Asks: 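Take a look at the following structure, please.
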Amino acid sequence: MSKAPGSIQIRRMLPTDVARVQVVRRSVRENCLSNPGRITDGDVIAHMAELGQGWVSEIDTNDTPVITGFAMGRRDGNIWALFIDPAFEGLGHASALHDTMVNWLFDQGLQTLWLGTEKGTRAQRFYAQRGWQLDPPHEPPEVRMVMNRPKLSE
């Protein structure tokens with residue numbers, strides 16, 4: 001099956017993706033790391049291997065895949081990361097990653113997912129639009145949000 005040029009593809013993150021993932025992480029305009037060396041390549045690889053799973057979004061440009069964003073979810077239900085290269089914001093990459101990650105976590109048998117993000121940010125609005133709820137109390141400037149597993153209709 002061929003892929004349409006520029007169409008979003010989601011796949012599991014590989015250790016060979018980590019260098020590009022770090023570039024994406026450092027390029028974001030919100031939730032910037034005050035110390036870019038704080039999360040090392042080794043931390044990301046260990047996180048995937050020991051605590052959860054990661055995914056990348058990519059598009060094909062001239063038959064060359066380009067990583068446009070990534071997400072990482074932990075087996076304890078924590079959304080550890082969801083970041084998109086600013087050049088690809090607003091094109092559906094974040095939604096595709098979010099849905100893949102959330103579905104995988106619920107498929108692991110989890111009933112509730114949780115995350116922390118800064119209050120009043122685009123990230124908070126993004127999650128709220130997808131059904132995440134505030135889980136007070138919280139410590140400003142961060143808020144905690146939760147999503148419960150959808151109930152199956154009878």
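Keep in mind that this is a model prediction, so the values were computed, not measured.
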Asks: Could you state the interatomic distance from CG (Asn103) to OG1 (Thr100), rounded to the nearest 0.5 Å?
Replies: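 So the gap between those two atoms works out to 7.0 Å.
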Asks: Once you round to the nearest 0.5 Å, how far does CH2 of Trp114 lie from CG of Asn78?
Replies: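 If we round to the nearest 0.5 Å, Trp114:CH2 and Asn78:CG are 3.5 Å apart.
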Asks: Shortest non-hydrogen contact from Leu82 to Ala71?
Replies: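 The answer is CD1-CB, 3.7 Å.
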Asks: Kindly work out whether a path of hydrophobic side-chain contacts (I/L/V/M/F/W/Y, heavy atoms less than 4.5 Å apart) joins Leu91 to Phe126.
Replies: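 Yes, it is one cluster - the side chains of Leu91 and Phe126 are joined through contacts under 4.5 Å.
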Asks: Applying a strict under-4.5 Å side-chain criterion to I, L, V, M, F, W and Y, I'd like to know whether Leu134 and Leu113 cluster together.
Replies: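 Yes, it is one cluster - the side chains of Leu134 and Leu113 are joined through contacts under 4.5 Å.
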Asks: Go through the steps for Arg25 and Asp85 under the test salt bridge (Lys or Arg N to Asp or Glu O under 4.0 Å), then give the verdict.
Replies: CA-CA 8 Å; Arg25 179 65 183 94; Asp85 182 322; over 6 Å; no
Asks: Given 3.5 Å as the limit, does a donor-acceptor pair link the side chain of Ser57 with the main chain of Gly69, or not?
Replies: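 Flag set: sc Ser57 to bb Gly69 pair under 3.5 Å.
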Asks: Supply the atom-to-atom distance Ile10 CD1 to Ile8 CD1, rounded to the nearest 0.5 angstrom.
Replies: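 Going from CD1 on Ile10 over to CD1 on Ile8, the span is 6.5 Å.
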Asks: Work out which heavy atom in Gly52 is nearest to a heavy atom in Arg75; give both atom names and the distance.
Replies: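 Closest approach of Gly52 to Arg75, heavy atoms only: N-NH1, 3.2 Å.
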Asks: For the residue pair His98 and Tyr127, does the interplanar ring angle fall in the parallel (under 30°), tilted (30 to 60°) or perpendicular (over 60°) class?
Replies: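 The rings of His98 and Tyr127 sit tilted, inter-plane angle from 30° to 60°.
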Asks: Which distance, rounded to the nearest 0.5 Å, do you find between the CH2 of Trp55 and the CD1 of Ile67?
Replies: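 Rounded to the nearest 0.5 Å, the CH2-CD1 separation comes out at 15.0 Å.
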Asks: Ignoring hydrogens, what is the shortest heavy-atom contact between Val56 and Leu97? Give both atom names and the distance.
Replies: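 Scanning both residues completely, I find the closest heavy atoms to be C-CD2, 3.7 Å.
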Asks: Hey, does the side chain of Ser95 reach the backbone of Gly92 with a donor-acceptor pair shorter than 3.5 angstrom?
Replies: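 Not a single qualifying donor-acceptor pair exists.
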Asks: Whether the side chain of Gln124 engages the backbone of Gly120 through a donor-acceptor N/O pair (distance < 3.5 Å, no angle test) should be reported.
Replies: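 Such a contact is found between Gln124 side chain and Gly120 backbone.
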Asks: At their closest point, which heavy atom of Ala123 faces which heavy atom of Thr117, and how far apart are they?
Replies: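 That closest heavy-atom pairing would be CB-OG1, 3.4 Å.
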Asks: With a 3.5 Å distance limit and no angle check, can you tell me whether Arg144 reaches the backbone of Asp135 through a side-chain donor-acceptor pair?
Replies: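 No: the side chain of Arg144 does not pair with the backbone of Asp135.
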Asks: Hydrophobic clustering (ILVMFWY, side-chain heavy atoms < 4.5 Å, transitive) - are Leu51 and Phe83 grouped together?
Replies: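 No, because Phe83 and Leu51 fall into different hydrophobic clusters, even though each may have its own neighbours under 4.5 Å.
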Asks: First locate atom CG of Leu105, then atom CD of Gln111, and finally report the distance between them rounded to the nearest 0.5 Å.
Replies: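 Leu105 atom CG to Gln111 atom CD measures 12.0 Å (nearest 0.5 Å).
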Asks: List the atom of His93, the atom of Ile59, and the distance in Å for their closest heavy-atom pair.
Replies: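 Smallest heavy-atom distance, with atoms named: CE1-CG2, 3.5 Å.
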Asks: Taking salt bridge (Lys or Arg N to Asp or Glu O under 4.0 Å) as the test, write out the residues that go with Arg11, two or more places apart.
Replies: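 If we apply the salt bridge (Lys or Arg N to Asp or Glu O under 4.0 Å) test to Arg11, skipping adjacent residues, the hits are Asp17, Glu58.
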Asks: Donor-acceptor check, side chain of Gln108 to backbone of Trp104, threshold 3.5 angstrom: yes or no?
Replies: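 Yes, Gln108 side chain to Trp104 backbone: donor-acceptor pair under 3.5 Å.
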Asks: With sequence neighbours excluded, what pairs up with Asp99 under the salt bridge (Lys or Arg N to Asp or Glu O under 4.0 Å) test?
Replies: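 Applying salt bridge (Lys or Arg N to Asp or Glu O under 4.0 Å) to Asp99 gives none.
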